[in-house]
Q: 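First the structure, which I've put down as structure tokens, then a few questions once you've had a look.
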Amino acid sequence: MRSRKHGGRFWRMWQEYQSSEGQSQETDVDPRNAWHRHFTNFLGTVPEEHWLFGGRRFRSWASGEWGPPGLFNPFIALVLSKGGGLLALYVLHLLAEKPRYGNDIMNEIEERTHRRWGSNPGAIYPMLSIMEQANLVEGEWEDSDKRTRRIYRLTIEGREELDRLKEVMRPKLNEAIEILQDLYKDLENEEK
């Protein structure tokens, strides 16, 4: 077994920095700069050039573009991305609770993930448009003259589709959670 080289040190060091007096002595007011520097110091290279974190899926997180630094979870983003499938299911779920507009959906996702992930308009609005074309949701302008906000409601077909998607995806999501737990346990055992 390998010795625990870093363990939770990366996150511990980041938390210590955030709560330390060293932060107030920092010349950078923007916490993203401190996050970027912390990442660079720990990994020995700037995040943008790191073989893993420099990739498209991790770049914004590693460089601190999605703040507050360290809070955003890129692994959740992989699952909830537009192509990941879970985002569409969750949007239908939120609309089953009550009618919502796009920003409300994005804010609700951010709140329910405790600000660890938030969608963006480039994913939500095209998805709502696709759902509307498929008659899963219907949109109505809050003020038809000003066209300020479009409120989306789940249709009967949308509710049926939500139920079908849950049937298909729920067992696979549970399986994915189990697999990730097993992999995590394996990594933890290897480092002890």
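Since this is a predicted model, take the numbers as computed values, not measurements.
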Q: K166 vs L162, test: side chain to side chain contact (heavy atoms under 4.5 Å, CB included). Steps then yes/no.
A: CA-CA 6 Å; K166 283 181 179 180; L162 174 60; 3.8 Å; yes
Q: Taking all non-hydrogen atoms of both residues, which atom of P126 and which atom of P121 are closest, and how far apart?
A: CD-O, 3.3 Å
Q: For the residue pair L180 and Y184, establish whether any side-chain heavy-atom pair is separated by less than 4.5 Å.
A: no
Q: State, to 0.1 Å, how close A88 and M131 come at their nearest heavy-atom pair, and which atoms those are.
A: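 Shortest heavy-atom contact: O-CE, 3.5 Å.
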Q: For R150 and G139, indicate whether the former's side chain and the latter's backbone hold a donor-acceptor pair under 3.5 Å.
A: yes
Q: Salt bridge or not for R115 and E110, using N-O below 4.0 Å?
A: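 Looking at E110 together with R115, the answer is yes, because their closest N to O distance falls below 4.0 Å.
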Q: CG/L173 to CD/E178 distance, rounded to the nearest 0.5 angstrom?
A: 11.5 Å
Q: How long is the span from the CG atom in D104 to the CD atom in E111, to the nearest 0.5 Å?
A: 9.5 Å
Q: Taking the six-membered ring of Y101, is the NZ or CZ of R149 close enough (under 6.0 Å from the centre) and on axis enough (within 45°)?
A: yes
Q: Shortest non-hydrogen contact from V137 to T155?
A: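 Looking at all heavy atoms of both residues, the closest pair is C-CG2, 3.7 Å.
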Q: Are L95 and I151 joined in one hydrophobic group, where the rule is that I, L, V, M, F, W and Y side chains link up if heavy atoms are under 4.5 Å apart?
A: no
Q: Applying side chain to side chain contact (heavy atoms under 4.5 Å, CB included) to M13 and H38, what does each step give before you reach the verdict?
A: CA-CA 8 Å; M13 289 168 58; H38 173 66; 3.6 Å; yes
Q: Are the side chain of N189 and the backbone N or O of K185 linked by a donor-acceptor pair below 3.5 Å?
A: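 Yes, because the side chain of N189 sits within donor-acceptor range (under 3.5 Å) of the backbone of K185.
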Q: When you compare the side chain of R170 with that of N174, does any pair of heavy atoms fall below 4.5 Å?
A: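 Yes, close enough: below the 4.5 Å cut-off.
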Q: Can you find a pair of side-chain heavy atoms, one from W141 and one from T148, that are under 4.5 Å apart?
A: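 No, side chains not in contact.
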Q: Heavy-atom distance under 4.5 Å between the side chains of M106 and Y125, does that happen here?
A: yes
Q: Please determine whether the number of non-hydrogen atoms from other residues, nucleotides or ligands lying under 6.0 Å from atom CG of L183 exceeds 12.
A: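 Atom CG in L183 is packed in, count exceeds 12.
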Q: Does some side-chain heavy atom of T45 sit less than 4.5 Å from a side-chain heavy atom of T40?
A: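 No, their side chains stay 4.5 Å or more apart.
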Q: Can you find a heavy atom in the side chain of L154 that is under 4.5 Å from one in the side chain of E160?
A: no
Q: Should the pair R164-E157 be classified as a salt bridge under the 4.0 Å nitrogen-to-oxygen rule?
A: no
Q: Determine the minimum heavy-atom distance between L87 and A123, stating which atoms define it.
A: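 Where L87 meets A123 most closely, the heavy atoms are CD2-CB, 4.2 Å.
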Q: Of the non-hydrogen atoms in S119 and I124, which two are nearest, and what is the gap between them?
A: OG-CG1, 3.3 Å
Q: Please report the shortest heavy-atom distance between Y152 and L128, naming the atom on each side.
A: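 Here Y152 and L128 meet closest at CE1-CD1, 3.6 Å.
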Q: Mark yes when over 12 heavy atoms from residues, nucleotides or ligands other than E167 sit less than 6.0 Å from its CD; otherwise mark no.
A: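 No - once you tally the heavy atoms of other residues, nucleotides and ligands closer than 6.0 Å, there are 12 at most.
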Q: What I want to find out is whether R100 reaches E108 closely enough, with some N-O distance under 4.0 Å, to be called a salt bridge.
A: yes
